[in-house]
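None of the values given here were measured: they were computed from a predicted structure. Both counts, for ligands and for their atoms, begin at 1 and track the order of listing.
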Amino acid sequence: MTAPLRVGLLGVGTVGQGVLRVLARNRQEIERRAGRPVVVTHAAARDADKPRDCDLSAVRFSTDAQAVVEADCDVVVELIGGIEPARRLVLDALARGRAVVCANKALIAQHGNEIFAAARKAGALFGFEAAVAGGIPIIKVLREGLAANRIDQVTGIINGTSNYILTQMAARGQAFAEALAEAQRLGYAEADPRFDVEGIDAAHKLAILAAIAFGMPLRFDAVATEGISGVAPQDIQLARELGYRIKPLALAKRIARAPEAAVELRVHPTLVPAEHLLAKTDGALNAVRVHGDAVGQTVYVGRGAGAEATASAVIADLIDVARWQGADPRHHVPALGFHPQALQHPRVASLDEIESAYYLRLRVADTPGVLRAITSILAELEISVEAILQKEPREHEDATLAIITSVVNERRCDQARSKMQSLPFVREPVTRLRVEHFDV
Ligand code: HSE
């Protein structure tokens, strides 16, 4: 029998247990693909005595992660999360020539450039399919499946927790805090849920997707990030009446109009046309839309978190390790799909420069001339109105206006917003959300 691929597991939490269960359950199927058995021989976790839903009887188990890195394994799987000691352990494993499989999006987004260089130097494979969108094999799609294309846009719902919260608010009228607590209970949320609701987790993942889509270094520092906590139930309702759903989107776009190579990287709640697949991706599901010049639009939907969905991605990387071990490293697929010397360094545009359609919500006094004053401001700034909805006030109350604009420069939209804000009959801060339409 061919020697097994020996795996050292760092972290035996939800995903680690999922990996052990799926490896055991699909042992034959995995071996048929890998050409050899894939076996977890060593594992480390902080708490050795915690009850676990997997068979660890054949695993040398310890609380010492460093010992697993030093053990006689072919590949180290990093599932402990956070930056340190994960970074140190991954770099150490690579320096020893071990392949590494890693689900740690924060680590890759912030230190990926250093890690990829270390993997290259060692001639070792660094797999990170599980770091983005859980079970959706989006890394492989971008890096290999769509390799013929000039990819111009990647747009996705890549944080399940914030999608779950907005879905629950829309479908069940649940309050934000209640929906978040539920997402935590169901195990979708990060240890610090601010990473989810403030868009940081999605920004980590977007930095990774953009690097692979455009062949550029990781630029997590340049992702403009806005969370979902400013989305009011009223916005969800008005958006629906206007034919949209509000989704927590991450967007990476090449900007064709810029004279030099430039991209947009941003994460924010966004109005999406109700008929688009992204708008229909509800609950904790993830969806990623990729637009390439040859293929057009493709959309991938699936579970972005959870034990076995993430294990599915981890094990696919392990099978790659098994297939590639012993192969000439020059024939490995480069970590970002582009040869390192062919990476480009596009400028990342500031939000001031972006062009988008916008949703504006205003609470206004119920007096004559209000609509005219507001539309005049838009006309002065050459912003067209694509749709407008007026909610008649009940007795002695203010009215609500919701406007969808044409595609304009964000700075210009904000000028219009502040002019509206200074009108005497505009009552509250004007809400502004971005609206995204999609070409097929
Ligand atoms: N907290 C993440 C999410 C987990 O909600 O999508 C998966 O990366």
Side-chain angles (χ1 to χ4, degrees), residues 11 13-19 77-83 86 101-110 112 127-139 154-169 174 176-210 212 218 220 223 225-229 231 246-251 267-270 278 281-289 300-317:
T14 309
V15 177
Q17 291 171 61
V19 168
V77 177
E78 191 276 288
L79 300 174
I80 49 182
I83 303 299
V101 171
C102 179
N104 187 336
K105 57 245 164 158
L107 177 67
I108 300 166
Q110 293 177 56
F128 52 101
E129 185 64 71
V132 183
I136 305 175
I138 192 65
I139 304 289
V154 180
T155 319
I157 298 169
I158 49 179
N159 180 263
T161 300
S162 48
N163 194 29
Y164 183 80
I165 294 171
L166 290 181
T167 303
Q168 292 296 94
M169 287 171 71
Q174 214 170 26
F176 185 96
E178 199 189 329
L180 170 59
E182 186 115 339
Q184 286 178 291
R185 195 181 56 74
L186 292 166
Y188 306 139
E190 295 299 297
D192 179 351
R194 283 175 302 179
F195 274 54
D196 297 296
V197 297
E198 290 175 9
I200 301 162
D201 176 72
H204 286 145
K205 295 165 179 166
L206 184 71
I208 298 170
L209 292 181
I212 302 172
L218 290 147
F220 167 66
V223 182
T225 305
E226 221 171 84
I228 58 161
S229 55
V231 177
I246 302 183
K247 289 291 174 191
L249 278 204
L251 304 95
V267 171
H268 47 72
T270 311
L278 290 178
T281 301
D282 283 333
L285 284 179
N286 280 199
V288 185
R289 170 189 183 272
Y300 311 85
V301 183
R303 282 192 281 157
E308 295 201 3
T310 313
S312 162
V314 167
I315 294 169
D317 277 347

Checklist entry - Any donor-acceptor pair under 3.5 Å linking the side chain of E129 with the backbone of I138? => result yes
Checklist entry - Would you find a donor on one side and an acceptor on the other, under 3.5 Å apart, between the side chain of E78 and the backbone of G81? => result yes
Give me the residue, atom name and distance of the protein heavy atom closest to [atom].
atom                   : result
atom 8 (O) of ligand 1 : K105 NZ, 2.6 Å
atom 1 (N) of ligand 1 : E190 OE2, 2.6 Å
atom 5 (O) of ligand 1 : T161 OG1, 2.7 Å

Should you measure from each heavy atom of [X], which atoms of ligand 1 turn up under 4.0 Å away?
X    : result
G160 : 3 (C), 5 (O), 6 (O)
A305 : 4 (C), 7 (C)
D196 : 1 (N), 2 (C), 3 (C), 5 (O)

Item to check | Contact check: N286 vs ligand 1, nitrogen or oxygen atoms, below 3.5 angstrom | outcome: no
Checklist entry - Between A189 and ligand 1, does any nitrogen or oxygen pair lie at a separation below 3.5 Å? => result no
Checklist entry - Of all the heavy atoms in G304, does at least one lie under 4.0 Å from an atom in ligand 1? => result yes
Check: [Y] and [X] side chains under 4.5 Å, non-hydrogen atoms:
X    : Y    : value
P248 : I228 : yes
I212 : F128 : yes
V231 : I165 : no

Next on the checklist: Nearest 0.5 angstrom please: L206 CG to F220 CZ, how far?
Outcome noted: 10.5 Å
Checklist entry - Just heavy atoms, cut-off under 4.0 Å: does T310 contact ligand 1 by side chain, backbone, both, or neither? => result neither
